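Read through the structure below, which is laid out as structure tokens, and then see the notes.
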Protein chains: 2
Amino acid sequence: MSVGERRPPGARSASVKDVAATAGVSLGTVSNVLNRPERVSAATRERVERAMNDLGFVRNESARALRAGKSRTLAYVMLDATNPFFTDVAQGIELAAEAADLSLFICNSDNRASREDTHLGHLQQQRVQGILITPVDPEADSLDTIARHGTPLVIVDRIRHDESFCSVAVDDVLGGRIAVEHLIDRGHTRVAFVGGPLSIGQVDDRWRGAREAWAEAGLPEDALILIPTTALSVSEGRSAGERLAGLPSRRRPTAAFCANDLIALGLLQQTISSGRKVPGDLAIVGYDDIEFAAAAAVPLTSVRQPRHELGRMAADLVMDEADNPRHAHQQVTFTPELVARASTLG
Amino acid sequence: MSVGERRPPGARSASVKDVAATAGVSLGTVSNVLNRPERVSAATRERVERAMNDLGFVRNESARALRAGKSRTLAYVMLDATNPFFTDVAQGIELAAEAADLSLFICNSDNRASREDTHLGHLQQQRVQGILITPVDPEADSLDTIARHGTPLVIVDRIRHDESFCSVAVDDVLGGRIAVEHLIDRGHTRVAFVGGPLSIGQVDDRWRGAREAWAEAGLPEDALILIPTTALSVSEGRSAGERLAGLPSRRRPTAAFCANDLIALGLLQQTISSGRKVPGDLAIVGYDDIEFAAAAAVPLTSVRQPRHELGRMAADLVMDEADNPRHAHQQVTFTPELVARASTLG
DNA sequence: CAACAGAATTGAAACCTTTCAAGAGGAGCT
DNA sequence: AGCTCCTCTTGAAAGGTTTCAATTCTGTTG
């Protein structure tokens with residue numbers, strides 16, 4: 001195909017066979033040029049390479065994968081592509097995949113089990129080398145099905161109780177703890193935990209950590225109240241703000257620890273726009289330390305998770321499971337860190 | 001393979017051949033069950049389906065793709081995975097792909113041409129059915145190379161001058177225009193355009209639209225000033241805010257139109273935290289209407305682009321180019337819309 | 001009962017790459 | 001000349017699916 005000419009869609013592209021014919025060598029030699037160039041004499045190599053160029057040869061990954069029995073691809077099934085936390089994790093995974101010269105499928109389950117299943121089905125058909133997933137439900141049977149078929153799978157930012165998979169997560173109990181300890185240090189004695197549903201393991205853990213810290217400080221149990229939300233979204237944060245504002249002032253918390261930054265931002269916005277001050281009337285701690293946390297009207301104190309490291313470690317684990325015959329599942333836990341900003345320090 | 005048993009990694013999984021043997025039929029029949037079930041008698045079909053279940057058969061997409069000469073996969077090469085605008089576009093694409101039962105590769109060039117090239121190379125090897133891309137440089141040669149190989153390619157949210165590809169974009173000149181018209185309507189007579197670099201086509205278009213509206217309103221040319229930034233990020237917005245604040249008050253604009261919401265949020269934050277009021281001291285209009293725009297301390301007036309529709313249309317175009325032999329390239333332009341909020345209305 | 005139509009099923013070939021045992025060719029040594 | 005030892009190259013087979021022409025089977029009609 002001469003330069004500048006567009007191949008009509010559907011037309012067959014050059015294969016190793018065509019290259020071999022053009023260069024006047026055998027198939028095997030072309031393959032050697034591609035995979036073991038040192039075994040081919042310089043002259044032949046050059047001839048083959050010229051033929052490749054002339055024909056615009058592009059390796060066919062499907063054929064490679066078929067032959068090899070597996071593809072050179074990893075996949076990450078995200079829970080929510082609009083949540084910056086997950087896009088950062090994805091970036092970490094991407095870097096690791098790139099370093100290993102693997103392609104990465106990114107899918108988005110959008111929090112729906114049915115979409116997750118569809119994606120998992122496709123990925124299995126693709127014979128991806130490994131799957132990283134933040135599942136809608138870490139106990140779901142569909143994950144076992146994948147494993148039963150022999151596809152390495154690592155759970156990201158969730159934990160499964162029976163440890164039958166590798167997983168990477170951040171210690172959320174500890175995260176809840178340091179958030180509330182910070183508020184206690186700042187002198188707060190009435191605090192709200194805003195978040196939900198508690199069926200999300202994470203949220204429950206953060207809430208547990210919060211209560212532990214509270215109890216250890218010897219504060220009265222009923223002064224730490226739960227403001228439940230139905231999702232971890234900005235709008236739920238706003239609505240929680242209204243409920244908070246509706247409480248009688250002597251029972252109203254002076255600080256809120258939110259299960260994630262989206263809720264915190266919603267709460268922050270609702271608080272400010274209804275004329276109350278942050279942190280004067282209400283101190284706020286978020287969770288995740290997304291980029292917008294620092295960029296909020298009142299920069300948000302937040303619990304930071306090592307997102308890139310999370311992704312990178314998950315990718316490393318899944319590659320180990322794929323390559324290393326003596327692989328053993330492990331549960332890796334990262335330590336979160338409090339980033340104090342104006343929303344609690346003012 | 002009996003239920004509950006994990007296939008050792010690397011072990012071969014059941015193929016149509018195995019299914020055929022188990023069900024006591026030929027290969028072709030199994031394939032017919034999969035692809036043309038109506039041609040197979042009910043009894044046989046049932047027998048084959050049971051065999052598939054028993055063996056845990058999963059179609060091998062590589063083999064399918066190899067045989068078919070193309071894969072059942074679309075790809076979107078994003079410019080910046082951390083920008084919510086692009087994740088929304090991706091969501092639109094995803095919906096369209098799902099409806100057509102295609103898988104979607106999402107890649108992130110992270111604004112780097114080298115990564116973009118790597119991704120394009122991989123995608124070409126995968127023989128994806130079509131590529132959607134928001135390119136680092138719409139004029140880049142690498143795009144032509146793809147097209148020359150016969151892979152349909154649609155440019156998203158950018159335009160190429162020679163119209164040699166399909167593209168979908170939003171009319172940015174119009175967007176700039178309506179933003180500034182809105183500010184003029186609100187009585188502003190000194191306005192800043194904050195954004196850059198102008199080498200980004202989009203940014204330049206918005207700036208042009210702004211000037212056109214300004215000129216048409218008969219306002220003095222030098223009362224619309226340009227505050228250039230080196231990137232479209234929150235931190236650049238903050239720094240622009242400092243520069244704005246440094247201007248002598250009689251020349252200081254009373255309103256700013258920002259090239260995107262990230263800049264606007266940075267500017268908003270800097271303005272508020274330095275004690276000035278929005279919109280009292282400075283009215284702000286953003287661009288993109290990302291979720292956080294509405295959730296900002298002062299909800300942000302912004303120019304909304306039909307992001308999902310953008311993605312969906314792009315996917316439709318690329319599928320048309322792949323399937324329809326009489327496909328003709330087209331440049332689709334969407335109309336942006338102003339969403340007025342407190343940051344200009346207060 | 002023979003012939004036939006239509007439905008159901010079969011078997012082989014093709015897609016492209018990689019691998020590997022085997023072969024060819026050349027150089028150096030005795 | 002005959003031999004070994006190298007390096008380089010070859011050719012065939014395998015991997016899983018789909019397609020399609022060819023074949024077998026079932027039931028009906030004359």
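Residue numbers begin at 1 in each chain, while the letters A, B, ... track the order of the sequences. Since we're looking at a predicted model, the values are computed, not measured.
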Specify the separation, in whole Å, of atom [atom1] of [X] and atom [atom2] of [N].
X	N	atom1	atom2	result
A/Glu61	C/dT17	CD	C1'	10 Å
A/Lys70	C/dT18	NZ	C1'	14 Å
B/Gln125	C/dT17	CD	P	10 Å
B/Leu34	D/dG16	CG	P	15 Å
A/Met52	C/dC16	CE	C1'	13 Å
B/Asn35	D/dG16	CG	P	17 Å
B/Arg72	D/dT18	CZ	P	10 Å
A/Leu55	C/dC16	CG	P	13 Å

For the side chain to side chain donor-acceptor pair (under 3.5 Å) test, which of B/Arg158, B/Arg160, B/His161 pairs with B/Glu139?
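Testing each of B/Arg158, B/Arg160, B/His161 against B/Glu139, the sole residue satisfying side chain to side chain donor-acceptor pair (under 3.5 Å) is B/His161.
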Would you say the side chain of [Y] lies within less than 4.5 Å of the side chain of [X], judging by non-hydrogen atoms?
X	Y	result
A/Val156	A/Tyr76	yes
B/Met52	B/Leu34	yes
B/Val16	B/Phe57	yes

When every nucleotide of nucleotides 8-15 of chain C is labelled 5' to 3' by its protein contacts under 4.0 Å (heavy atoms), B for base, S for sugar-phosphate only, - for none, what sequence of letters results?
SSBB-BBB
Using 30° and 60° as the class limits, which term best fits the ring planes of A/Phe105 and B/Phe105: parallel, tilted or perpendicular?
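Rings of A/Phe105 and B/Phe105: parallel, as their planes differ by under 30°.
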Angle between the two end axes of the helix from C/dC1-D/dG30 to C/dT30-D/dA1, five base pairs per end, rounded to 10 degrees?
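Inter-axis angle at the ends, rounded: 70°.
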Checking the side chain of B/Ser167 only, and the main-chain atoms of B/Gln331 only, is there a donor and an acceptor separated by less than 3.5 Å?
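Flag not set: sc B/Ser167 to bb B/Gln331 has no pair under 3.5 Å.
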Shortest non-hydrogen contact from A/Ile106 toward A/Ala90
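For A/Ile106 and A/Ala90, the tightest heavy-atom pair comes out as CD1-CB, 4.3 Å.
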Identify whether any heavy atom of B/Ser31 sits under 4.0 Å from a base atom; if not, whether one sits that close to sugar-phosphate; answer base, sugar-phosphate or nothing.
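Answer is base: heavy atoms of B/Ser31 come under 4.0 Å of a base.
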Of B/Ile146, B/Val154, B/Val318, B/Leu153, which meets side chain to side chain contact (heavy atoms under 4.5 Å, CB included) against B/Ile133?
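Of all the options given, the one that passes is B/Leu153.
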Note: A/Glu94-A/Arg312 ion pair, threshold 4.0 Å (strictly below)
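Judged by the 4.0 Å cut-off on N to carboxylate O distance, A/Glu94 and A/Arg312 do not form a salt bridge.
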Taking only the side-chain nitrogens and oxygens of A/Arg36, find out if one of them lies under 4.0 Å from OP1 or OP2 of C/dT18.
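A/Arg36 to C/dT18 OP1/OP2: no side-chain N or O under 4.0 Å.
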